[in-house]
Amino acid sequence: MTGRRARRWAGAVAVVVLLVVWTRARIDGLSVDTQATNPIVRWEWVFLREDTRTELWDATLQHLRLTFIAVGAGTLISAALSAIALRLRWSLAPITAFTGFLYTIPSVALFGLLRSRFGNVMAAEVALTSYTLLVLVRNMVAGIDGVPAAVTDAADGLGLSRTRRLLTVELPLALPVIVAGLRVATVTTVGLVGITAIIQLGGLGSLIFDGFGTQYFTKIVVGSVLSVLLAVVLDLLFHGLEVLLTPWSRRPVVR
Amino acid sequence: MIGPLLILAGGRAGQPSNVVEWFTDLESRASLRPIPEQVWLTVWHSGVAVVAVVMLALPLAVVLAHHRRAELAASWIINIGRAVPTVTIVGVLVIVSLRNGFGLEPWPIIIALILLGLPPAFTNTYAAVRGVDPSAVSSARAMGFTHRQVMTRVELPLALPVMFAGVRTAAVQIVATEPLAAFFGAEGLGAYLRSGLSTRDFPEVQAGAVLVAGVAIAVELGLLLVGRLVLPKGVRMHASAGRAARSQRREAAPATI
């Protein structure tokens, strides 16, 4: 067993080393003038140029702002929709169908369509918010539904009102599932924000589009790396939040 | 007050002022390729990508689902696929193809679309095969089915609905994303959106959006219909299929567009 594991690790390390060597060889192998005129990454642009830092910072901030407003608004709307769905059972199917339909509309089309009616920030936020609804409502309903009947019965037996039961019993128990939904929604939104570059927003995505427009590969690479990093960091942050908020369970119940 | 407005309107006199006019006025979009050609490009790119996704993701997922040791690799593929934004995939491929002189059409686009479609198809197939009722498998074994027979006659039919849902998700996502390639200089349905957004010609933008959304929704509905016709009634996913199938679908929900 240990031998096998060691071999696997050795394999992984070998792959990484090979990749690094190969990339180095590729970069070194490019003829000097291509390297000079258009290298894949101009490190001096990343680290030495004065304006780069503010540009990257602004792009990241815009990305975060677009993401958080959309996820925040999505959470509020989803909470309302879930409350309706949980109260009136028959409304669950139409609500799911509607949010599913919103999710099917291609992002490029929705951004364009809304942009022809609203300003670009409004268009982006409306579209981004509508994409978060499916996952959020689904997980909120599943989370509350997943609370064992014995627990809710016990709460009723203690004489808790319906609101109090929801706030103090059901919501905390449903939290892991709800947070799982929030994580997926956030990571998705971070990805989608990049596409809002087509309506002159885009945060880090605009770097990619700019880089393409000017054939400046450095911007594409930096924009790509930073947006992946942003998604991973936000995902981990939400995971941390979940661990902090549910000290009684160290692992999520349902993913 | 009215003067500038008139000038504005006069400046736009040659252009259609709403979507219907855009569709009927052929001259206004003479600079772009005709609609059927663009639809065909989008469908063609997406079709090749979907076929490739099916050929890559399904066998891989079936094999990995049988070797429990590969669980780590499987969850890796899924998580990486989810975390990488579409724009990043397209951007990186643009670099690779332009640097190596391949141009943009059609292979780099298709490869990007394949990368995009792999996670949902893979996840669902994996979950479907893992979710097959073990008692069905063991009773098939007890009846003397060989390993291959178990796979093709028991597991595959039982896993088919969830697998098909995954392929459908992948296909819709691919068709919905193909138009993005137009913003990187390719042709296809996104060209109307690109040109409309760059010249602030909103009827054109709306028409492009309607076309893109129409194709995506048509693919979704079409595949739903195909699923209805092709999948055996007994294994089809419906309301009474129980929580298991539904929770699998939930788990396999797409996370990137």
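Proteins get letters first, then strands, A, B, ... in listed order; numbering begins at 1 in each. If you're wondering where the values come from, they're calculated on a predicted model, not measured in any experiment.
Contact annotation for A:Phe101: only side-chain heavy atoms (C-beta onward) come within less than 4.5 Å of a heavy atom of chain B. In this structure, chain A has heavy atoms under 4.5 Å from both the backbone and the side chain of B:Leu180. With a 4.5 angstrom heavy-atom cutoff, A:Ile199 touches chain B only via side-chain atoms.
Scanning both residues, A:Val108 and B:Ala176, for their nearest heavy atoms gives CG2-O, 4.3 Å. Shown here for B:Val205 and A:Gly112, the closest heavy-atom pair between the two residues is CG1-O, 3.1 Å. Nearest heavy-atom pair, B:Ala213 versus A:Pro106, reported as atom, atom and distance to 0.1 Å: CA-CD, 3.6 Å.
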Open item on the list: I'd like to know whether A:Ile198 forms a side-chain contact (heavy atoms from CB on, under 4.5 Å) with B:Leu193, so could you lay out the CA-CA distance, the side-chain angles of the two residues, the decisive distance to 0.1 Å, and finally the verdict.
Closed with: CA-CA 9 Å; A:Ile198 67 172; B:Leu193 279 164; 5.9 Å; no
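Within 6.0 Å of CH2 on B:Trp44 lie more than 12 heavy atoms contributed by other residues, nucleotides or ligands.
Counting heavy-atom pairs under 4.5 Å between each of A:Leu114, A:Val190, A:Val225, A:Ile220 and chain B puts A:Ile220 at the top.
Taking 4.5 Å as the limit, some side-chain heavy atom of B:Phe202 sits within range of a side-chain heavy atom of A:Arg115.
If you take CD1 on A:Ile208 and CZ on B:Phe183, they are separated by 14.5 Å, rounding to the nearest 0.5 Å.
If you check the side chains of B:Gln206 and A:Ser116, you find a donor sitting under 3.5 Å from an acceptor.
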